[in-house]
Number of protein chains: 2
Amino acid sequence: MSLRHAILGILSIQPMSGYELKKVIDESVGHFWTADQSQVYRTLAGLVADGLAARRTVVQEERPNLHLHSATGPGLAELDRWLASPLPSQPTREPFLARLFFADRMPPEEITELLDTRRRDVRAQLAALEAIAVPAESAETGQVLRLATLAYGIAHAKAELDWLDDTRRRLERSTP
Amino acid sequence: MSLRHAILGILSIQPMSGYELKKVIDESVGHFWTADQSQVYRTLAGLVADGLAARRTVVQEERPNLHLHSATGPGLAELDRWLASPLPSQPTREPFLARLFFADRMPPEEITELLDTRRRDVRAQLAALEAIAVPAESAETGQVLRLATLAYGIAHAKAELDWLDDTRRRLERSTP
DNA sequence: GTCAAATATATGCATCCGCATATATATGCG
DNA sequence: CGCATATATATGCGGATGCATATATTTGAC
């Protein structure tokens, strides 16, 4: 349940509406966390119910009213508590590996195709990350950290492309 | 919902009980997929209810009876359909990056500690993977693929250790 | 002029999942 | 003798989540 905390984190930087929050999530933490629109609103409602976020209705003309949310004192405390709490350290689920593990039920061409599809996906991810990972203007810690989360994705993507080459070579030498 | 398919995949290789299945999952696909005991039993019950797996009760003396499960014809067909279906290609969630992204709320020492903890975790993961990734005796496709899933984890772990070094250096040069 | 997209929020429904707990028996360790 | 562990299965509870859908208005494109 890191979405609660990711939202608290974003609200700690800047108060905003659910609508705007959804866009910010997609753009800023989208490379390591995703959330449905309804999930954003529900989580936000939960935070307000628990007193971790405050909601202020802003009446707008020519547009629907919006609820401006901000992190409260207890909200910031909870954010800091979470940051300092022990890391979960459980392996992430990899649907792609689940396929690969049983892929020998398919003919060799389709195994190759599975790997090629993955290569295209990873290449696209890599390109997307490199496009937004502009070297920080400032050496501020926050900037360095946020850039580091992008560099994480880039490093993993490059490693995976190498692994794909290697795996393809090993498969070509295998007996079906 | 890849657990259904992972279980079908295992049952396609060898019929077994829920109890044994849980152990096999932990040992063979545990590095990219985990499942609670109750979840294994529930998923198995679902597969049987959908006609994708068959259940045969084996009466045992000196031990509780067991339900031996095997993949049915429709079950194997579903497994193959899944293997050939398009890859989801959504980014995996990374709770660690969620922390790092907002870690500048903490004092520098605690940011360093977060990275050090992660380094220990990744090193431990790497060691565990290398311990079980014994080079295949045979060049059979299945063996090559299963070894490749371990190599995947090893490649990613090594890349992450490099990234951790890099990130630490960049942080030391940052202004708080 | 109409249809789509953007702005803005919310609920219903179903699913996946982890944790805790219940049940029953055999073996082994101290 | 007692307690933990292994074998074996199952349910209850609640949380996190995605998809679909509802509502209402304005702006822009064709």
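Both backbone and side-chain heavy atoms feed into the values below; hydrogens, waters and symmetry mates do not. In what follows, chains carry the letters A, B, and so on, assigned in the order in which the sequence lines appear, proteins first and then strands, with residues in each chain numbered from 1.
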Q.
According to side-chain hydrogen bond (donor to acceptor under 3.5 Å, both in side chains), who are the partners of A:R81, at least two apart in sequence or on a separate chain?
A. A:E78
Nearest-Å distance for atom pair [atom1]/[atom2], residues [X] and [N]:
X: A:R56; N: C:dA8; atom1: CZ; atom2: C1'; value: 16 Å
X: B:K22; N: D:dA10; atom1: NZ; atom2: P; value: 16 Å
X: A:I7; N: C:dT9; atom1: CD1; atom2: P; value: 13 Å
X: A:L47; N: D:dG15; atom1: CG; atom2: P; value: 14 Å
X: B:H69; N: D:dA8; atom1: NE2; atom2: C1'; value: 11 Å
X: A:L44; N: C:dT9; atom1: CG; atom2: C1'; value: 11 Å
X: B:N65; N: D:dA6; atom1: CG; atom2: P; value: 21 Å

Q: Answer yes or no: does atom CZ of A:R170 have more than 12 heavy-atom neighbours from other residues, nucleotides or ligands under 6.0 Å?
A: no
Q: Check for a donor-acceptor pair, side chain of B:R55 on one end and backbone N or O of B:H69 on the other, with a separation under 3.5 Å.
A: no
Q.
Under a 3.5 Å distance rule, please check whether A:T167 uses its side chain to pair with a backbone N or O of A:L164 as donor and acceptor.
A. no
Q. Quick one: the side chain of A:Q37 and the base of C:dA10, do they pair up donor-acceptor inside 3.5 Å?
A. yes
Q. If the sugar-phosphate is the primed atoms plus P, OP1 and OP2 and the base is the rest, what is the B/S/- string for nucleotides 12-19 of chain C, using protein heavy atoms under 4.0 Å?
A. BB--SBBB
When you measure from the side-chain N and O atoms of [X] to the phosphate of [N], is any distance below 4.0 Å, counting only OP1 and OP2?
X: B:Y19; N: D:dT9; result: no
X: A:R55; N: C:dA8; result: no
X: A:Y41; N: C:dT9; result: yes

Q | Identity of whatever pairs with C:dG30 - Watson-Crick or G-U, under 3.5 angstrom | A | D:dC1
Q.
Taking the ring centre of each residue, are B:F32 and B:Y152 less than 6.0 Å apart?
A. no
(Q) For a quick check of understanding: with a heavy-atom distance under 4.0 Å over all strands, which category does A:K23 fall into, base, sugar-phosphate or nothing? (A) sugar-phosphate
Q) What are the two closest heavy atoms between A:A35 and A:K22, and how far apart are they? A) O-NZ, 2.8 Å
Q) Any side-chain donor paired with an acceptor under 3.5 Å for B:T57 and B:H67? A) yes
